[in-house]
Amino acid sequence: MSEIGVFEFQGKRYEFPVEIGSENEIAIDIKKMRSSTGGIITLDPGFKNTGSCKSAITFLDGEKGVLRYRGYALEDLAENAKFLEVAYLVIFGELPTKKELDRFENTIKSYTMLNEEMKDILDGFPKNAHPMGILSSLTGALTAFNPHAVDIHNEEDMYEAICKTMAKIPVIAAWAHSKNLGKPMNYAHNDYDYIENILQMMFMKRNERYTTNKVVAEALDKLLILHIDHEQNCSTSTVRIVGSSHAGLFASISAGVSALWGPLHGGANQAVIEMLEKIIEDGGDVEKYINKAKDKNDPFRLMGFGHRVYKNFDPRALIIKKSADAVLKELDIDDPTLKVAKHLEEVALNDPYFVDRKLFPNVDFYSGIIYRALGIPLEMFTVMFAIGRLPGWIAQWREMRLNGELIGRPRQLYIGKNKRDFKPLEKR
Ligand code: ACO
């Protein structure tokens, strides 16, 4: 195979090096395109064809429905490992030994306290503020309480910053939930593990002893593993690009939370349940909504369907669908939205509109159903996604900084007015 990419324009031939990834992905390196062609740039809105970085964290093959973290199949990790183990793998590159995992867990536990003044900021939010807004703002605010800029080349410093981030963000998430309900804010307790603490902080009543429901904790653990990383998606690219200006970890992650919130990204899990409930309220006519989704004059889209990269099944959706069945059975819950979701999926997967466009259920199609079965309220779905995605954001931020990546600064094709003369106000 030729190892150069050739581009011809106005009779001139330009050659660019080709890079091959470890899974034989091919990329034409156009770093020198602008300088060698006298100013020509590429135009790729939405970055459908643009690799923004080289990364050794996650491999995904959207055509084959493959997703691997650091070389390990997601299915294996979800089946055999715990969330913190996989978080360690994604951040540091290798599965931890028992000693490394204990140290990771204990260091995280040592940082779960938040400055009490954070509560003053929380007090300023209206009671019905969306928890994603609170999570993004308070994550940004952590920068003010932890002004020390991490030295990324100092392993200990970096390790502490990673553990602090892993420790504090679930606390903020739980506080955002308590704020909505007018409940007292709970802290993590070192007797509980990471997942138990998320549940305990959200659901513990001060006047009762808290006991973890194992089915709930295991299901949440698995769900969070599935969300840990997904290479250069919208929120991760946001974290990397904000961090590329050497903004701190908390500031970059706060931006990632905001990016995740949108209904075309992590906000889709909430939007799916809202859609399923609307279909039920409207008499359960699934075909009507399929037709709405196909109608180009109707802005409605089938939420939880389609993906920028997966043009086959989303492997996360397959695991979640199985898990949804099992969790609902174990918790003895009969959720009508699951029935509607399955019906919707069946109709869509047999409809040429969805088949031709390769639109399959994505991770969010079934995750909301499990979250609901676990007792997590609708507004907290995307927050749970953020907790799951946190190790991925940290890993990508760290990799970007350690690779010494340049500040992210795309070009544009200007299509505005040409130079014109200023007209004084009285002549306009
Ligand atoms: N319902 C109906 N039609 C759809 C849907 C959908 N959910 N998704 C895509 N299409 C159609 C588009 O209208 C377009 O049709 P056309 O070729 O006739 O114009 C075609 O499929 C391609 O769609 P694009 O929007 O170009 O695909 P893109 O890769 O830009 O978008 C996205 C991917 C944003 C996920 C899209 O499929 C979507 O909006 N899905 C619903 C929201 C959702 O579930 N988001 C969660 C994604 S997973 C995650 O972020 C964790």
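Atoms within a ligand are numbered from 1 in the order they appear, just like the ligands themselves. Just the heavy atoms: all of them, side chains too, but no hydrogens, waters or symmetry mates, feed the values below.
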Exercise. Does any N or O atom in Phe385 lie less than 3.5 angstrom from one in ligand 1, N or O only?
Worked result: no
For this session: Return the residue, atom name and 0.1 Å-rounded distance of the protein heavy atom closest to atom 50 (O) of ligand 1.
Result: His265 ND1, 2.9 Å
For this session: Could you label the plane-to-plane angle of the Tyr88 and Phe92 rings as parallel, tilted or perpendicular, counting under 30° as parallel and over 60° as perpendicular?
Result: tilted
Exercise. How far is atom 33 (C) of ligand 1 from its nearest protein heavy atom, and which residue and atom name does that atom have?
Worked result: Arg308 N, 3.7 Å
For this session: Fit a plane to each ring of Phe381 and Tyr371, take the angle between them on a 0 to 90° scale, and name the class: parallel (under 30°), tilted (30 to 60°) or perpendicular (over 60°).
Result: tilted
Exercise. If you measure every N/O of Tyr353 against every N/O of ligand 1, is any gap under 3.5 Å?
Worked result: yes
Exercise. Which pair of non-hydrogen atoms, one from Ala324 and one from Leu338, has the smallest distance, and what is that distance?
Worked result: CB-CD1, 4.4 Å
Exercise. Do Gly304 and ligand 1 have an N or O pair less than 3.5 Å apart?
Worked result: yes
Exercise. At under 4.0 Å between heavy atoms, which part of Arg357 makes contact with ligand 1: side chain, backbone, both or neither?
Worked result: side chain
Problem set entry | Donor-acceptor contact present, side-chain Arg301 to main-chain Ala293, <3.5 Å | no
Exercise. Just one of Phe360, Tyr310, Phe305 clears the ring-ring contact (aromatic ring centres under 6.0 Å, His included) bar with Phe365, so which one?
Worked result: Phe305
Seminar exercise, completed: for atom 47 (C) of ligand 1, nearest protein heavy atom and its distance come out as Asn362 ND2, 3.5 Å
Exercise. Which ligand 1 atoms does Val363 reach within 4.0 Å, using its non-hydrogen atoms?
Worked result: 51 (C)
Problem set entry | Part of Leu264 within contact of ligand 1 (heavy atoms, under 4.0 Å) | both
Exercise. Against heavy atoms of Asp364, which atoms of ligand 1 measure under 4.0 Å?
Worked result: 46 (C), 48 (S), 49 (C), 51 (C)
For this session: Check the surroundings of atom NZ in Lys322: do more than 12 heavy atoms from other residues, nucleotides or ligands lie under 6.0 Å from it?
Result: no
For this session: Indicate the ring-plane relationship of Phe300 and Tyr289, choosing parallel, tilted or perpendicular according to the 30° and 60° boundaries.
Result: perpendicular
For this session: Identify, by atom number and element, the atoms of ligand 1 in contact range of Ala268, meaning under 4.0 Å from any of its heavy atoms.
Result: 43 (C), 44 (O), 45 (N), 46 (C)
For this session: Measure from atom 41 (C) of ligand 1 to every heavy atom in Phe300, Tyr289, Phe305, Phe365 and give the option owning the shortest one.
Result: Phe305
Seminar exercise, completed: Among Asp356, Leu302, Thr382, the residue with a heavy atom nearest to atom 7 (N) of ligand 1 is Leu302
Exercise. Does one side chain, of Glu399 or Ser55, offer a donor that lies under 3.5 Å from an acceptor on the other?
Worked result: yes
For this session: Give me the ring orientation class for Trp261 and His130: parallel if the planes are under 30° apart, tilted from 30 to 60°, perpendicular past 60°.
Result: tilted
For this session: Compute the ring centroids of His230 and His307, then answer whether they are less than 6.0 Å apart.
Result: yes
Exercise. When you measure from atom 13 (O) of ligand 1 to every protein heavy atom, which one gives the shortest distance, and what is it?
Worked result: Lys296 NZ, 2.9 Å
Problem set entry | Backbone or side-chain N or O of Leu359 under 3.5 Å from ligand 1 N or O | no
Seminar exercise, completed: re atom 48 (S) of ligand 1, the protein heavy-atom contact at minimum distance is His307 CD2, 3.6 Å
For this session: Please work out whether any backbone atom (N, CA, C, O) or any side-chain heavy atom from C-beta onward of Val272 is under 4.0 Å from ligand 1, and answer side chain, backbone, both or neither.
Result: neither
Problem set entry | Is_contact(atom 22 (C) of ligand 1), protein non-hydrogen, under 4.0 Å | no
Exercise. Which one of Glu277, Glu274, Glu379 satisfies the salt bridge (Lys or Arg N to Asp or Glu O under 4.0 Å) criterion with Arg372?
Worked result: Glu277
Exercise. So between Met303, Lys48, Arg301, His230, whose heavy atom ends up nearest atom 31 (O) of ligand 1?
Worked result: Arg301
Exercise. Is any NZ, NE, NH1 or NH2 atom of the basic residue among Asp61 and Arg68 found under 4.0 Å from an Asp or Glu carboxylate oxygen of the other?
Worked result: no
Seminar exercise, completed: heavy-atom search around atom 35 (C) of ligand 1 in the protein gives Gly306 O, 3.7 Å
